[in-house]
Undergrad: 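A single structure is presented below for examination.
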Amino acid sequence: MTSLRLWSRARGRYARESARLFFKRPLVISSQVPFISFSFDDFPRSALYTGGSILRSSGLAGTYYVSLGLMGKQTPTGTMFLREDLSVLLEEGHELGCHTFGHCNAWETKPDAFEDSVIENRRKLNDLMPGAAFKTLSYPISVPRPFTKRRVAKHFGCCRCGGQTFNVGTTDLNYMAAYFLEQSRGNFEEVQSLIEENRKAKGWLIFATHDISDDPTPYGCRPEFFQSVVRCALTSGASILPVVQVLEALRSPTP
Ligand SMILES: [Zn+2]
């Protein structure tokens, strides 16, 4: 291995460790039922019109983490949402979450600039959709800097990252784990066993991806694959809700 690769691996490990260790906001997951959420980042139109209709056909809703600065653009994750898609999304009962205005890399961006972009996204949302509000966030591209976790904590009920696992026991609201479906590279068995582990642990599994298309980008997945994951999630008996609704359920458990 070249010293450059060793250095970049060490740097990645350092980033993940420091993101995990500092400025925690603990949430103990204690529930009678497992939870599953489906989330989409950026977000491409196909996430709403293909992914969203798969969810809706089973009476479900998802969470769309939007960077409003990407509206109408073409990006590595596909053709981005348009202004009118935001109304459709909310009418269909999905959650609109924050992904910063400028799609800021959570590790590379200085904490104050990251927070400015969170505020800008909120301001833009107020212009486009008066009355709507972001209640949860997903960090773009990378793990957050510890001081970024601290900065954004006051704006959101919880903030989602990656990690390819589910949340169980004492978790960190500033650093919730998610499983990116595209990283399974179509390995359905891996997803299936994660859903099963989440069921046994009565945890909270948050799925994430980008586009849902017959010809997906490297950051998305195919409709049949997504449909199979949704079916498996339903079979597990999990309560399947947008991120903000799971948070509310966990904060006020039924006696
Ligand atoms: Zn993103």
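Just so you know, ligand 1 is whichever comes first in the structure, and atom 1 is the first atom listed for that ligand. Remember, predicted model here, so these are calculated numbers, not experimental data.
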Undergrad: With a 3.5 Å cut-off and no angle check, do the side chains of Ser184 and Glu190 form a donor-acceptor pair?
TA: no
Undergrad: Only counting residues at least two apart or in another chain, list the ones meeting salt bridge (Lys or Arg N to Asp or Glu O under 4.0 Å) with Glu224.
TA: none
Undergrad: Verify the ring-centre separation between Phe81 and Tyr64: is it less than 6.0 angstrom?
TA: no
Undergrad: Any side-chain donor paired with an acceptor under 3.5 Å for Thr217 and Asp211?
TA: yes
Undergrad: Of Asp41, Thr63, Thr136, which is the lone residue that meets side-chain hydrogen bond (donor to acceptor under 3.5 Å, both in side chains) with Arg160?
TA: Asp41
Undergrad: For the Zn ion (ligand 1), report each protein N, O or S atom nearer than 2.8 Å, sorted by chain and then by residue number.
TA: Asp42 OD1, His99 NE2, His103 NE2
Undergrad: State, with a plain yes or no, whether a side-chain heavy atom of Tyr219 is found less than 4.5 Å away from one of Pro76.
TA: yes
